[in-house]
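Each remark here refers to the structure printed beneath this line.
Residue numbering restarts at 1 for every chain, and letters A, B, ... go by the order of the sequence lines.
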There are 2 protein chains.
Amino acid sequence: MAGTDQLSAVFSALADPTRRGILAELATRDATVTELTAPLSISMPAVSRHLKVLERAELISRSRSGKWRASRLEAAPLREAAVWIERYRRFWDSSLSRLDAHLAAVQAAARATDRMAGDPKELA
Amino acid sequence: MAGTDQLSAVFSALADPTRRGILAELATRDATVTELTAPLSISMPAVSRHLKVLERAELISRSRSGKWRASRLEAAPLREAAVWIERYRRFWDSSLSRLDAHLAAVQAAARATDRMAGDPKELA
DNA sequence: AATACGTTTAACACATTGGTTAAGTGAAGG
DNA sequence: CCTTCACTTAACCAATGTGTTAAACGTATT
């Protein structure tokens, strides 16, 4: 999973399109493993393990009722993922702070050029 | 990487704390491989491969200048990741649409209990 | 009681990942 | 030149991820 921290677990869980599909499904309704498996072209054990990954990332919770296990979306960890990504918004959202991004880019480029073309000691 | 689509590549790249650290560094300035390696406790080849992962996800671009290769943050793919996650905002951000989420939850529970053999209370 | 159903676990195969060290490439510089 | 420097590639290893099928488990059904 790369890291063992929460954020890594969440991003890792989101890295699989099947799991993103499951989350999308759960956004509309709680669902059993069988229901989640139906539209997919993989076996139920495979889905079961995807659910375990999502559960470990705390993106879903599961309840038992007789022989059925319902999965429910738990979106809280997505908030932290969103917070992490939002810190980079100014780098893509030029309408919000075009000047910021431009200045940052220019300054970064200048520093990089200095380091790369200029005094080698700056590299240390 | 789970999937070969762009989103999977991006989330997969973000799943590693070392790579997130590299992106954070590049958010402040372009940097060479050596500079990026310095604060880390891994070898330069390891960093080089992390950069390749980031490059494949198009989260960075790289330029050559003599024997130096500078990496630059390219945040555009983060926008799509943010867009994907934002679709779930209402599930965690109760202040924005508490009613929406509540209604969705109630309806989902109702549908789920209907499907689940008619015992009305297990999911509620 | 016996069977069917929903789900998980086990055992296996195979690809990918993330790290290492050592060797290769190509530009810089004495 | 010939070496040094920045970086990449190759070869290898251990661990993890994703899928499979078959077996196990517990509840429902008849």
[X] [atom1] to [N] [atom2], straight-line distance once rounded to whole Å:
X        : N       : atom1 : atom2 : answer
Met44(B) : dT8(D)  : CE    : C1'   : 10 Å
Arg69(B) : dA27(C) : CZ    : C1'   : 13 Å
Lys67(B) : dA6(D)  : NZ    : C1'   : 6 Å
Asp30(B) : dA6(D)  : CG    : C1'   : 17 Å
Trp68(A) : dT7(C)  : CH2   : C1'   : 12 Å
Glu35(B) : dC5(D)  : CD    : P     : 16 Å
Leu54(B) : dG18(C) : CG    : P     : 10 Å
Arg64(A) : dA28(D) : CZ    : C1'   : 14 Å

Atom pair CG/CG of Leu14(A) and Asp16(A) - distance to nearest 0.5 Å: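 Answer rounded to 0.5 Å: 10.0 Å.
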Interatomic spacing from CZ in Arg19(B) to CD1 in Ile60(B) - rounded to 0.5 Å: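 Atom-to-atom, Arg19(B):CZ and Ile60(B):CD1 are 10.5 Å apart.
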Listed pairs, N/O of protein and of nucleotides 9-14 of chain D, under 3.5 Å:
unit_1: dT9(D); atom_1: OP2; unit_2: Lys52(B); atom_2: NZ; d: 3.0

Ring geometry between Phe11(A) and Trp84(A) (parallel below 30°, tilted from 30 to 60°, perpendicular above 60°):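 The rings of Trp84(A) and Phe11(A) stand perpendicular, inter-plane angle above 60°.
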Inter-axis angle, terminal five-pair segments of the helix from dA1(C)-dT30(D) to dG30(C)-dC1(D) [nearest 10°]: 0°
With sequence neighbours excluded, tell me which residues meet side-chain hydrogen bond (donor to acceptor under 3.5 Å, both in side chains) with [X].
X        : result
Glu58(A) : none
Thr37(A) : none
Ser61(A) : Glu74(A)

As a test of reading the structure: which of [options] is closest to the side chain of [X], going by heavy atoms?
X        : options                   : value
Ser43(B) : dG19(C), dT18(D), dT21(C) : dT21(C)
Arg62(B) : dT7(C), dC7(D), dT20(D)   : dC7(D)
Arg19(B) : dG18(C), dT7(C), dT20(C)  : dG18(C)

Partners meeting side chain to side chain contact (heavy atoms under 4.5 Å, CB included) with Glu80(B) (sequence neighbours left out): Gln6(B)
Over all atoms of both residues, closest heavy-atom pair of Ala75(B) and Tyr88(A):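 Scanning both residues completely, I find the closest heavy atoms to be CB-O, 4.2 Å.
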Minimum heavy-atom distance Leu36(B)-Pro39(B), with the two atoms named: O-CD, 3.4 Å
Side-chain N,O (His50(B)) to OP1/OP2 (dT17(C)) below 4.0 Å: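 So the side chain of His50(B) is outside the cut-off, no N or O lying under 4.0 Å from OP1 or OP2 of dT17(C).
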Any Arg56(A) side-chain nitrogen or oxygen under 4.0 Å from OP1 or OP2 of dT16(D): no
